[in-house]
Amino acid sequence: MSETADRIRSLVGQKVVLESHFPYPVLVEAVKPLGKLLALQVRADDGTIKETFLTAEEAEGLVKTLVSMPQQVAQLASAQDLRLFIESHRIGLAYAYDPLFAVSLSGIRSLPHQIEAAYGQMLPQARLRFLLADDPGAGKTVMTGLLIKELKMRNALERVLIIVPAALTIQWQDELLRFFNEFFVIINAENDKQQLGNLWQREF
């Protein structure tokens, strides 16, 4: 029984089928000899931990089944693929359960006053035109990005015109792209004059 137990112990972390015990595949968590029996701690698909006992005959049958099965070669995912997999699950859960979904999508850690401005003051309003006149460095770009993301996900946004001080246009364009993946075209007097067509009609 000890040799059989060692073979089955190598299954820890793998899924097995125990038809006489569970009507579904289970994940082996731990294996422990218990006299003439073999105690198995397994995890079901719903995450619950269950325990069952195999007789010597059942353990031998499980080992023979494993020997007859074709060996599967483990393939290691690249770090990039693993990161994308985890990120997709995080975004999926956030979309289903997170009332602040735009925060989960962005690449920043929002501060409480920024959350309050976007979700407590602006989003509940019927008129979707706002003047953000907070103190310098308070995070007006973050508030704007959160608002844009939430409105886009609610299909309540067709086009956006952001008016900022001329010296800050590049900074706003960079931060909205970097943190929220939103690209904005900068329109000023110089590039408006250089266009043959109507720049406003082309972009809006």
Side-chain angles (χ1 to χ4, degrees), residues 5-18 22-32 38-52 62-63 65-119 123 137-157 160 162 168-186:
D6 290 338
R7 292 291 304 275
I8 295 181
R9 194 174 287 112
S10 66
L11 296 176
V12 172
Q14 300 184 38
K15 279 194 172 184
V16 298
V17 177
L18 301 171
F22 305 102
Y24 44 78
V26 292
L27 182 70
V28 180
E29 293 280 347
V31 179
K32 182 180 179 181
L38 202 60
L40 260 68
Q41 190 178 63
V42 299
R43 186 183 299 273
D45 284 339
D46 61 1
T48 57
I49 296 291
K50 301 179 182 295
E51 191 172 46
T52 190
L62 179 59
V63 170
T65 301
L66 295 172
V67 170
S68 63
M69 290 174 60
Q71 295 294 319
Q72 296 182 347
V73 179
Q75 295 183 348
L76 297 178
S78 67
Q80 176 70 4
D81 289 343
L82 180 60
R83 188 189 69 81
L84 291 174
F85 175 76
I86 294 174
E87 186 68 5
S88 67
H89 276 270
R90 183 185 71 82
I91 293 175
L93 291 173
Y95 181 78
Y97 303 107
D98 190 356
L100 309 179
F101 185 39
V103 178
S104 299
L105 284 181
S106 66
I108 47 103
R109 291 184 179 274
S110 303
L111 298 175
H113 73 276
Q114 296 165 349
I115 300 293
E116 173 61 23
Y119 292 91
L123 278 174
K140 293 182 289 294
T141 314
V142 172
M143 301 176 201
T144 303
L146 292 176
L147 179 65
I148 291 171
K149 278 293 186 185
E150 288 290 347
L151 291 177
K152 286 183 69 175
M153 288 183 291
R154 302 175 190 195
N155 292 322
L157 190 67
V160 182
I162 303 176
L168 300 178
T169 51
I170 297 295
Q171 178 183 330
W172 271 73
Q173 183 189 49
D174 174 65
E175 292 184 0
L176 287 171
L177 180 62
R178 179 153 42 102
F179 296 136
F180 299 96
N181 198 31
E182 296 290 341
F183 177 73
F184 282 82
V185 175
I186 296 176

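Keep in mind it's a predicted model, so treat the numbers as computed, not measured.
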Check your understanding: Could you give the distance from CD (Gln114) to CG (Leu147), rounded to the nearest 0.5 Å?
Key -> 13.0 Å
Exercise for review: Measure the spacing between OG1 of Thr141 and CG of Leu146 and express it to the nearest 0.5 Å.
Suggested key: 10.5 Å
Review point. Can you find a pair of side-chain heavy atoms, one from Leu177 and one from Gln173, that are under 4.5 Å apart?
Key: no
Practice item. Could you give me the CA-CA distance, side-chain angles and deciding distance for Asn181 and Leu176, then say whether side-chain contact (heavy atoms from CB on, under 4.5 Å) is met? Key: CA-CA 6 Å; Asn181 198 31; Leu176 287 171; over 6 Å; no
Practice item. Begin with the C-alpha distance, continue with both residues' side-chain angles, and end with the deciding distance and a verdict on side-chain contact (heavy atoms from CB on, under 4.5 Å) for Leu40 and Leu18. Key: CA-CA 11 Å; Leu40 260 68; Leu18 301 171; 4.0 Å; yes
Study note, to complete from the structure: CZ (Phe85) and CG (Leu82) are apart, to the nearest 0.5 Å, by 8.0 Å
Revision key, fill the gap. Those residues at least two apart in sequence (or on a different chain) that pass side-chain hydrogen bond (donor to acceptor under 3.5 Å, both in side chains) with Thr52 are His21
Check your understanding: Is a side-chain donor or acceptor of Gln41 paired with a backbone partner of Ala30 at a separation under 3.5 angstrom?
Key -> no
Check your understanding: How far does CD1 of Ile162 sit from CG of Leu168, to the nearest 0.5 angstrom?
Key -> 12.5 Å
Practice item. Please name all residues satisfying side-chain contact (heavy atoms from CB on, under 4.5 Å) with Arg43, sequence neighbours left out, ordered by chain then number. Key: Leu27, Glu29, Ile49
Study note, to complete from the structure: When every non-hydrogen atom of Val28 is compared with those of Val42, the smallest separation belongs to CA-CG1, 4.3 Å
Review point. What distance do Glu51 atom CD and Lys32 atom NZ have between them, rounded to the nearest 0.5 Å?
Key: 9.0 Å
Point to revise | Heavy-atom side-chain contact between Phe184 and Ile148 under 4.5 Å | key: yes
Check your understanding: Are Thr144 and Val160 close enough, and set up right, to give a side-chain contact (heavy atoms from CB on, under 4.5 Å), and what steps lead you there?
Key -> CA-CA 10 Å; Thr144 303; Val160 182; 6.0 Å; no
Exercise for review: Could you tell me whether a side-chain N or O of Lys149 sits under 3.5 Å from a main-chain N or O of Phe180, the two making a donor and an acceptor?
Suggested key: yes
Check your understanding: Should we say atom NZ of Lys140 is surrounded by more than 12 heavy atoms from elsewhere, each under 6.0 Å from it?
Key -> yes
